[in-house]
Amino acid sequence: MDDDTPAGRPTARPRLLDRVRDAIARRHYSRRTEETYVHWIKRFIHFHGTRDRDVAASTQNQALSALLFLYKEALNQPLAWLDGLERARRPARLPTVLSVAEVQRLLAQLDGTRWLMASLLYGAGLRLRECLKLRVKDVDFDYRQILVRDGKGGKDRVTMLPESVIAPLKAHLVRVKALHDRDLADGFGDVELPDALFRKYPRAPYEWGWKFVFPSHKLSADPRTGVIRRHHAYENYLIRAVKRATRAAGIAKHVSCHTLRHSFATHLLQSGSDIRTVQELLGHSDVSTTMIYTHVLNKGGRGVKSPLDRVEQRRAAYRVH
């Protein structure tokens, strides 16, 4: 018995947020989910009478999910009234889609690794985090395909590897391999594995195939274990670059990294690809989710010609008054 622990005194219970993190780890939830839940639980703990106003429906639902997890899973105190709360409904919004010409202009404003990442978002329909978490072993140059592991909803899927990125991607991986070898020589070189696979394959964290295709430019401490290693690139590495490229390309639309995925799906459908094929490439569980991209195909508002365009009339000169 520890000399500092008086006999009969119960050991201290884990702190609340540690219990939350432990419950999340046992269920193999993603780090993003952990960050979101911990954020909202902290907000709940420090609640001081103020209220968030005019937040998006998705934000409200994130907060509710975090509180449900806190009481049901971490504290083992399910609350019937909390379960019965109705979730906020997200308004139906059409995604922003770029034209092919706009995609070309945007990509022309990027170079190097950022160009390569954005090209995969558009050319393979990857989500940003799927691109960041991509491992070397999951890029298949022979079959021209990418295996997306643990995508949204924990699902795996296969998508295409664009022919136009193969040569630059191979050259990029040569540089990443040199970085990996340098890390090994410096006493580092391991990488985080999903679902505690390192217990089953203790040498796997040091193997080239498990490395991230897009590693961070610096080493950092793992927030869970404190181990110093090279993680994948940060989200802002590409997010900020796409915003700058959008402005430089003179595109007035609200463009994010996800816009490139929206454009991937829409352009495939425009070129005649079967919607079920597009559904599989995107990893959608329900084809109705994929159907939203058909809105662009309804040219001119449901494909109907405006009555104004049927009226023969003198074309008025446009003047600024």
Under 4.0 Å between a side-chain nitrogen and a carboxylate oxygen: does that hold for Glu235 and Arg129? yes
Taking 4.0 angstrom as the limit, do Arg19 and Asp22 come out as a salt bridge? no
With a 3.5 Å distance limit and no angle check, can you tell me whether [X] reaches the backbone of [Y] through a side-chain donor-acceptor pair?
X	Y	result
Asp140	Asp142	yes
Arg261	Gly125	yes
His267	Leu98	yes
Thr294	Met291	yes
Lys243	Cys257	no

Point-to-point distance, once rounded to the nearest 0.5 Å, from [atom1] of [X] to [atom2] of [Y]:
X	Y	atom1	atom2	result
Asp186	Ile228	CG	CD1	13.5 Å
Ile275	Thr290	CD1	OG1	5.5 Å
Leu120	Arg127	CG	CZ	15.0 Å
Phe214	Leu132	CZ	CG	8.5 Å
Leu126	Met160	CG	CE	10.5 Å

Do [X] and [Y] land in one hydrophobic cluster if side-chain heavy atoms of ILVMFWY residues count as linked below 4.5 Å?
X	Y	result
Val242	Val165	yes
Val139	Ile166	yes
Met117	Trp115	yes
Leu184	Phe188	no
Leu134	Val176	yes

Contact check, side chains of [X] and [Y], non-hydrogen atoms, under 4.5 Å:
X	Y	value
Glu102	Lys253	yes
Pro95	Thr259	no
Ile251	Arg105	yes
Thr113	His172	yes
Leu282	Phe264	yes
Leu238	Leu121	yes
Ser285	Lys155	yes
Tyr293	Ser263	no

Can you pull the salt bridge (Lys or Arg N to Asp or Glu O under 4.0 Å) pairs that have at least one residue in residues 157-168, sequence neighbours excluded? Glu130-Arg157, Arg144-Glu163
Could you give me the CA-CA distance, side-chain angles and deciding distance for Asp183 and Leu219, then say whether side-chain contact (heavy atoms from CB on, under 4.5 Å) is met? CA-CA 9 Å; Asp183 284 346; Leu219 299 170; 4.2 Å; yes
Would Arg135 and Lys211 count as a side-chain contact (heavy atoms from CB on, under 4.5 Å) here? Give the steps. CA-CA 5 Å; Arg135 311 269 182 164; Lys211 300 302 167 186; over 6 Å; no
Exercise: identify the closest heavy-atom pair between [X] and [Y]:
X	Y	result
Leu179	Pro215	CD2-CG, 4.1 Å
Ala241	Leu110	O-CD2, 3.7 Å
Pro162	Ala124	CG-N, 4.2 Å
Val213	Val136	CG2-N, 3.7 Å
Ala245	Leu106	CB-O, 3.7 Å
Ser273	Val278	CB-CG2, 4.0 Å

The salt bridge (Lys or Arg N to Asp or Glu O under 4.0 Å) partner of Asp190 among Arg203, Arg229, Arg230 is Arg229
Determine, step by step, whether Asp156 and Val148 satisfy the side-chain contact (heavy atoms from CB on, under 4.5 Å) criterion, reporting the C-alpha distance in whole Å, the side-chain angles of both residues, the deciding distance to 0.1 Å, and the verdict. CA-CA 5 Å; Asp156 294 353; Val148 180; over 6 Å; no
Is there a side-chain contact (heavy atoms from CB on, under 4.5 Å) between Arg114 and Arg244 once you walk through the steps? CA-CA 12 Å; Arg114 293 179 178 89; Arg244 289 194 299 266; 4.2 Å; yes
Any side-chain donor near an acceptor of the partner, Thr96 and His254, under 3.5 Å: no
May I ask you to decide if the ring planes of Phe212 and His231 are parallel, tilted or perpendicular, using 30° and 60° as cut-offs? perpendicular
Residue among Val287, Asp274, Thr289 satisfying side-chain contact (heavy atoms from CB on, under 4.5 Å) with Gln279: Val287
Compute the ring centroids of His217 and Tyr237, then answer whether they are less than 6.0 Å apart. no
Hey, is CZ on Phe141 packed in by over 12 heavy atoms from elsewhere, all under 6.0 Å? yes
